[in-house]
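Position 1 is the first residue of the sequence; numbering continues from there. Values reported hereafter were calculated over all heavy atoms of this structure, with side chains retained and with hydrogens, waters and symmetry mates removed.
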Amino acid sequence: MKNKLLVGISGSFCNHEWVLNELEKLNDEYELSFVFTQNVTTLDTRFSTAKDLMEQCQRLTDMPIITSIVEAEKIGPSNIFDLMVIAPCSANTLSRIVHGAYDCPVALCAKAMVRNQKNVLIGIASNDILGISGVNVMKMINMKHFYVLPFYQDAPELKPNSCTSDFTLLKDALGSAFESKQIQPILREKKI
């Protein structure tokens, strides 16, 4: 029987395609379900339309995609998921989680997972991880039940505060998170 994996998708729209490519590789191993932030549900960007992204994710699951607080609220009482991954996780979503602001479907689902003593793997991606948002990364790394996908500075010359997770490590990081271990090292060299 496959482990049930809840996948939270937040902003950092430029990373959606990369994350989906990695999730496709995991589809035989895990039973995937998705939850979107409001922005992902509604915004069309230069990378994709909201409708196209939803269709891409829907091809990887038989479950309806969670897009509202009302739907997300059911995750806690149902207790059906084994682990949650949020990838990409924007600085905005990360801030909500570490400060207990559950006004977003993805953040509310993360809260529900921890309520049920389940782990959450965070794949951060933001232009501000080494800026004001950096404090939230450090808080999250030190919170019980939270693990981080290793990350690196993606454009240090042009955007010195910007970091993105190495989403190719998703499979290995999930394996560690299922064992309540942090994959190491957390800080990686820039991808070429």
Side-chain angles (χ1 to χ4, degrees), residues 1-94 96-97 102 104-113 116 118-126 147-151 154 164-178 183 191:
M1 190 167 171
K2 294 182 186 178
N3 282 319
K4 293 185 178 182
L5 186 64
L6 180 60
V7 180
I9 307 260
S10 72
S12 190
F13 294 88
C14 60
N15 285 299
H16 287 166
E17 184 178 353
W18 189 8
V19 170
L20 286 176
N21 287 340
E22 294 306 315
L23 288 171
E24 282 180 26
K25 298 174 189 175
L26 299 174
N27 208 23
D28 290 336
E29 228 172 299
Y30 297 101
E31 188 177 317
L32 303 178
S33 294
F34 291 87
V35 54
F36 287 179
T37 62
Q38 292 96 326
N39 283 345
V40 171
T41 301
T42 59
L43 297 180
D44 294 338
T45 70
R46 62 190 169 103
F47 302 103
S48 175
T49 66
K51 182 177 183 256
D52 285 346
L53 180 64
M54 187 167 284
E55 287 173 356
Q56 284 179 285
C57 291
Q58 197 63 71
R59 283 195 287 271
L60 297 175
T61 183
D62 295 327
M63 302 294 290
I65 295 171
I66 299 166
T67 59
S68 73
I69 290 289
V70 172
E71 295 163 344
E73 191 279 330
K74 299 172 186 174
I75 297 304
S78 69
N79 195 15
I80 61 171
F81 295 105
D82 299 303
L83 193 138
M84 181 177 187
V85 58
I86 305 173
C89 182
S90 67
N92 201 29
T93 298
L94 181 62
R96 282 184 161 99
I97 291 168
Y102 305 118
C104 153
V106 172
L108 186 58
C109 285
K111 173 194 173 191
M113 295 298 290
N116 293 326
K118 304 288 179 65
N119 294 335
V120 180
L121 176 65
I122 305 278
I124 58 171
S126 171
Y147 300 89
V148 66
L149 194 58
F151 59 92
D154 53 308
T164 191
S165 294
D166 184 347
F167 298 109
T168 62
L169 296 173
L170 188 54
K171 180 177 180 175
D172 292 341
L174 281 168
S176 292
F178 268 109
I183 188 173
K191 301 291 275 186

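Taking OG of Ser10 as the reference point, atom CG of Asn92 lies at 8.5 Å (rounded to 0.5 Å). In this structure, the separation between CG on Asn15 and CG on Asn21 is 11.5 Å, given to the nearest 0.5 Å. Note that CE of Met113 is 8.0 Å distant from CG of Asn79, once rounded to the nearest 0.5 Å. Between Phe151 atom CZ and Thr164 atom OG1 the span is 10.5 Å, to the nearest 0.5 Å.
Ion pair Arg59/Glu55 not flagged as a salt bridge, since none of the NZ, NE, NH1 or NH2 atoms sits closer than 4.0 Å to an Asp/Glu carboxylate oxygen.
With hydrogens and angles ignored, the 3.5 Å screen pairs no side-chain donor or acceptor of Glu29 with any backbone N or O of Leu26. In terms of modelled atom types and a separation under 3.5 Å, the side chain of Asn119 and the main chain of Phe178 share no donor-acceptor contact. Of the possible polar contacts, one joining the Lys2 side chain to the Asn27 backbone as a donor-acceptor pair under 3.5 Å is found. Checked by atom type and distance alone, the side chain of Lys118 pairs as donor or acceptor with a backbone atom of Phe81 at under 3.5 Å. A donor-acceptor pair is defined here as one N or O able to donate and one able to accept, closer than 3.5 Å; such a pair exists between the side chain of Asp44 and the backbone of Ala50. Of the possible polar contacts, one joining the Gln58 side chain to the Met63 backbone as a donor-acceptor pair under 3.5 Å is found.
Heavy-atom minimum distance, Cys109 versus Leu6: CB-CD2, 3.8 Å. Nearest heavy atoms, Ala91 versus Ser126: CB-OG, 3.4 Å. Nearest heavy atom pair, residue Ile9 against residue His16, reads CG2-NE2, 3.5 Å. Pairing each heavy atom of Tyr147 with each of Ala177, the nearest pair is CD1-CB, 4.3 Å. The two residues Leu94 and Cys89 come nearest to each other via the heavy atoms N-SG, 3.8 Å. For the pair Gly123 and Ser165, the tightest heavy-atom approach, listed with the atom from each and the gap, is C-OG, 3.1 Å.
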With side chain to side chain contact (heavy atoms under 4.5 Å, CB included) as the criterion, how do Leu108 and Ile75 come out once you've worked through the C-alpha distance, each side chain's angles and the decisive distance to 0.1 Å?
CA-CA 9 Å; Leu108 186 58; Ile75 297 304; over 6 Å; no
Yes or no on side chain to side chain contact (heavy atoms under 4.5 Å, CB included) for Phe167 and Leu149, after CA distance, side-chain angles and deciding distance?
CA-CA 7 Å; Phe167 298 109; Leu149 194 58; 3.5 Å; yes
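Considering only heavy atoms from C-beta on, Trp18 stays 4.5 Å or farther from Pro88 through its side chain. Using a 4.5 Å heavy-atom threshold, the side chains of Val120 and Ile97 count as separate. Within the 4.5 Å cutoff, the side chain of Leu53 has no heavy atoms near those of the Phe13 side chain. In this structure, Met84 and Val106 have side chains that are in contact, with non-hydrogen atoms separated by less than 4.5 Å. Using a 4.5 Å heavy-atom threshold, the side chains of Val85 and Leu5 count as touching. Put simply, the side chain of Cys57 reaches to within 4.5 Å of the side chain of Leu20, judged on heavy atoms. Contact check for Leu121 versus Leu170: side-chain heavy atoms found under the 4.5 Å cut-off.
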Validation: residues 30-38 side-chain donor-acceptor distances under 3.5 Å, sequence neighbours left out:
| residue | atom | partner | partner atom | Å |
| --- | --- | --- | --- | --- |
| Thr37 | OG1 | Val40 | N | 3.4 |
| Gln38 | NE2 | Asp103 | O | 3.2 |

